[in-house]
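We number each residue from 1, following the sequence as shown.
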Amino acid sequence: MASASLLKTSPVINKTDFIKGQALRQPSVSVNVVRSHPSGLTVRASSYADELVKTAKTVASPGRGILAMDESNATCGKRLDSIGLENTEANRQAYRTLLVSAPGLGNYISGAILFEETLYQSTVDGKKIVDVLLEQNIVPGIKVDKGLVPLAGSNNESWCQGLDGLASRSAAYYQQGARFAKWRTVVSIPNGPSALAVKEAAWGLARYAAISQDNGLVPIVEPEILLDGEHNIDRTFEVAQQVWAEVFFYLAENNVMFEGILLKPSMVTPGAECKERATPEQVADYTLKLLQRRIPPAVPGIMFLSGGQSEVEATLNLNAMNQSPNPWHVSFSYARALQNTCLKTWGGRPENVEAAQKALLTRASANSLAQLGKYTGEGESEEAKEGMFVKGYVY
């Protein structure tokens, strides 16, 4: 990790930090810094150390969280198909324009994860999507993994590909305006998880995180423990402890600076098909206990994924975790749990854009309150309470 002098930074990124169309700007620290580790190893801090810390603090700012809108074109096509729209670039552009241009979105959203197409895309009005986000004080992020493929030698498990060429891609994404990255791998409880799958997930995340930091991007570390299964909450807790121990071991092995990362874990819940359901208070108790045992306080933000929970369930669980102070910013990085009602309200019709944006802002505002521990759940629609779990869901 960096020395204390490298960590004295402002928690807010100035928009002038985002310069595109020019050579990469000089990183905030011009030299690499090394320090001695108790084990005798040398730990190197990225030359972007100040900027990484600043970006992470900006994303992990009070009352705000992440809008995950990084669905691949194929997944976005499934969403569009659900409202009767064809999967074309024009329709994807129209929907993404609706999301990023919602008035006041930056009051509740601090970062937006984009798919590669979106990072280079303009709105229907011709403005660069990155610029629209910056005007809303939202930090642009980028999905950098190349998806899941079968893991040979495992119990029908998977691993995440995308390390090849990641350094050059990350440098290009930084030039385009991205300041954080996301890499999603998964662990399946019904399929084991095998020691091989857990180790592969942890090692891949650690290599990605190190490469991202070397290129100025704050890595979001996301080993998703899938909701699929009939297991109870204790089994989820057991597996999560194992996964996070492995993840942080390999993050340290790869000299990743903890102050310059964000985590995107699953909440500790029963399997989606378990008959014993958990209350928000139980989810909060198990999840916070896991974080306290496994996550160093140096990590600035825990940005939970929703993983198929209903919009309201994800918000209630987040709110329960913020009823007392935590060592980290405990917030959200939701996709479907922010977008589901918005997408249905839009329905692909231009006349519904304003109503759809209001639906998005309603969910974003609710989760902002949950991050502050002030969400009550009053006035929520029945639609927002509907679960979104899909067995065997392919992202």
Side-chain angles (χ1 to χ4, degrees), residues 60-69 99 102-112 224-225 227 232-233 236-237 264-291 301-326 328-346 354-390 393:
S61 54
R64 299 204 296 168
I66 294 174
L67 169 61
M69 47 180 292
L99 295 174
L105 184 65
N107 293 328
Y108 318 114
I109 300 297
S110 55
E224 179 178 354
I225 298 172
L227 277 177
N232 62 24
I233 194 169
T236 305
F237 182 80
K264 185 172 178 175
S266 311
M267 297 178 190
V268 180
T269 65
E273 296 160 289
C274 178
K275 295 179 181 179
E276 300 174 26
R277 305 314 300 162
T279 66
E281 291 72 27
Q282 288 173 316
V283 171
D285 181 58
Y286 274 85
T287 305
L288 291 176
K289 187 187 299 182
L290 169 69
L291 297 180
I302 316 293
M303 321 299 286
F304 282 102
L305 59 90
S306 56
Q309 299 177 73
S310 75
E311 291 177 328
V312 170
E313 184 181 13
T315 309
L316 284 170
N317 288 338
L318 178 63
N319 186 72
M321 282 185 269
N322 282 298
Q323 293 308 300
S324 58
N326 293 303
W328 333 265
H329 174 82
V330 175
S331 192
F332 60 93
S333 178
Y334 294 164
R336 287 174 288 171
L338 283 174
Q339 297 180 42
N340 191 52
T341 300
C342 168
L343 178 66
K344 291 179 179 179
T345 302
W346 176 48
E354 184 177 347
Q357 289 179 329
K358 286 182 179 177
L360 173 64
L361 293 172
T362 295
R363 292 263 45 89
S365 174
N367 285 291
S368 170
L369 289 172
Q371 198 288 310
L372 299 170
K374 298 179 180 179
Y375 172 73
T376 63
E378 295 178 2
E380 292 283 14
S381 68
E382 289 303 312
E383 187 174 49
K385 298 175 184 177
E386 294 177 3
M388 292 178 284
F389 169 74
V390 178
Y393 179 71

Smallest separation among heavy atoms of Ala359 and Thr341, with atom names | CB-CG2, 4.1 Å

Full working for side chain to side chain contact (heavy atoms under 4.5 Å, CB included) between Glu311 and Thr315 = CA-CA 6 Å; Glu311 291 177 328; Thr315 309; 5.6 Å; no

His329 and Gln371, any side-chain heavy atoms less than 4.5 Å apart = yes

If you look at every heavy atom in Ser110 and Ser61, which pair is closest and at what distance?
-> CB-OG, 4.0 Å

What pair of heavy atoms forms the shortest contact from Leu105 to Ala364, and how long is it?
-> CD1-CB, 4.5 Å

Side-chain donor/acceptor of Asn319 to backbone N/O of Thr376, under 3.5 Å = no

Heavy-atom donor-acceptor pair, Arg64 side chain to Tyr108 backbone, under 3.5 Å | no

Examine distances only and state if a side-chain atom of Lys264 and a backbone atom of Ser333 form a donor-acceptor pair shorter than 3.5 Å.
-> yes

Taken to the nearest 0.5 Å, the spacing of Lys344 NZ from Asn340 CG works out to 4.5 Å

First locate atom OG of Ser331, then atom CG of Leu318, and finally report the distance between them rounded to the nearest 0.5 Å.
-> 6.0 Å

Kindly give the heavy-atom pair with the smallest separation between Met303 and Pro265, and that separation in Å.
-> O-CD, 3.9 Å

Would you confirm whether Ser306, through its side chain, and Gln309, through its main-chain N or O, come within 3.5 Å as a donor-acceptor pair?
-> no

Kindly compute the distance separating CE (Met267) from CD (Glu313), expressed to the nearest 0.5 Å.
-> 8.5 Å

Is the CD atom of Glu276 crowded by more than 12 outside heavy atoms at less than 6.0 Å?
-> no

Could you list the residues that satisfy side-chain hydrogen bond (donor to acceptor under 3.5 Å, both in side chains) with Gln339, not counting sequence neighbours?
-> Glu71, Tyr95

Should Cys274 and Asn232 count as side-chain neighbours, where that means a heavy-atom distance under 4.5 Å?
-> yes

Answer whether the closest heavy-atom distance between the side chains of Leu290 and Phe237 falls below 4.5 Å.
-> yes

Is a side-chain N or O of Asn322 found less than 3.5 angstrom from the main chain of Ala370, in a donor-acceptor match?
-> yes

Minimum heavy-atom distance Asn326-Met321, with the two atoms named = ND2-O, 3.0 Å

Any sub-3.5 Å donor-acceptor pair from Thr345's side-chain atoms to Ala355's backbone N or O?
-> no

Heavy-atom side-chain contact between Leu360 and Leu99 under 4.5 Å | yes

Any side-chain donor near an acceptor of the partner, Thr269 and Arg277, under 3.5 Å | no

For the residue pair Tyr375 and Leu316, establish whether any side-chain heavy-atom pair is separated by less than 4.5 Å.
-> yes

Heavy atoms only: give me the nearest Ala112-Met69 pair and the separation to one decimal.
-> CB-SD, 4.4 Å

With side chains defined as the heavy atoms from C-beta onward, is the minimum distance between Cys342 and Gln357 less than 4.5 Å?
-> no

Is there a side-chain contact between Ile109 and Leu338 (heavy atoms, below 4.5 Å)?
-> yes

Check for a donor-acceptor pair, side chain of Asn367 on one end and backbone N or O of Phe332 on the other, with a separation under 3.5 Å.
-> no

Are any non-hydrogen side-chain atoms of Phe304 and Ile66 less than 4.5 angstrom apart?
-> no

